[in-house]
Amino acid sequence: MNDLVDWRSIQGWFAFRTAYEDAVARAPEAKAQFVEVGSWKGRSTVFMANAIAGSGKDILFYAVDTWEGSDEPEHRDDPDIDRLFEVFTGNITPVRRYVRPIQKPSIEAAMMFPVESLDFVWLDAGHTYEDVKADIAAWRPRMKPGAVMGGDDVFWRDGGVLRAVQEAFPDQHEIKLGEGGWAYWEARL
């Protein structure tokens, strides 16, 4: 893949390349819609935008975040915490035409999308059990049949992410774990 911008140069976390690459490969040629919930400074967003650009597919890609950070020390101690959206938009400038930022909380943003309208949803916002459970509940109805939902930090500190995922998708064979993340393929109807 010839990157339009080097995603590795952007501060942040991103360890789920395979999930993003697979999502682009699985996407239909036209009118696919992807959502990334939790974009921080844009490292993963830029990776996805590069993948979309290289695919030649017609994929609308939404980056959802409040760009306010969380109470986690790695957020609160970040020198850019008061200007995260500005940093994000600066980082995505070379791939801006592939990204549609939505500056809202996850649940509020989910309500903007019709039921069964999304091909890919990646959840990487709040990491508490309650946050992940609420995110899955809000975004899952928006998935098309055959769509993929996944997220990062499945083994996060207190195990809340994994617990919420296991409760939402009780058939363990439906969940794929890897690269620190999780993925669930919605059954085709």
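Nothing fancy with the numbering, it's 1 onward along the sequence.
Each of Thr45, Ile52, Val46 was scored for a side-chain contact (heavy atoms from CB on, under 4.5 Å) with Met48, with one residue passing: Ile52.
Pairing each heavy atom of Ser117 with each of Lys144, the nearest pair is O-CE, 3.5 Å. Between Ser55 and Val24 the shortest heavy-atom distance is CB-CG1, 3.5 Å. Here the closest heavy-atom approach between residue Asp119 and residue Ala32 is recorded as OD2-CA, 3.1 Å.
The line from CD of Gln33 to CG of Leu60 is 5.0 Å long, rounded to the nearest 0.5 Å. Rounding to the nearest 0.5 angstrom, the gap separating the CZ atom in Arg26 from the CD atom in Glu21 is 14.5 Å. From Arg140, atom CZ reaches atom CG of Leu118 across 14.0 Å, with rounding to the nearest 0.5 Å.
Shown here are the side-chain hydrogen bond (donor to acceptor under 3.5 Å, both in side chains) partners of Ser106, two or more places apart in sequence or in another chain: Asp135, Trp139. Partners of Arg97 under the side-chain hydrogen bond (donor to acceptor under 3.5 Å, both in side chains) rule, at least two apart in sequence or in another chain, do not exist in this structure.
Between Phe47 and Trp7, the two ring planes are perpendicular [angle over 60°; tilted spans 30° to 60°]. The aromatic rings of Phe88 and Trp67 lie tilted to each other, with the angle between the two planes from 30° to 60°.
Between the side chain of Thr128 and the backbone N or O of Asp131, at least one donor-acceptor pair lies under 3.5 Å. Between the side chain of Gln103 and the backbone N or O of Thr66 there is at least one donor-acceptor pair closer than 3.5 Å. Formation of a donor-acceptor pair under 3.5 Å by the Lys57 side chain with backbone atoms of Ala25 is found in this model. Of the possible polar contacts, one joining the Asp65 side chain to the Ser39 backbone as a donor-acceptor pair under 3.5 Å is found.
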Could you please spell out the steps behind the ring-ring contact (aromatic ring centres under 6.0 Å, His included) verdict for Tyr20 and Phe120? CA-CA 9 Å; Tyr20 275 34; Phe120 177 77; 5.6 Å; yes

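Both the sub-6.0 Å distance and the 45° axial angle are not jointly satisfied by Arg142 relative to the ring of Phe113.
No close placement of the Phe34 and Trp122 rings is indicated, their centers lying 6.0 Å or farther apart.
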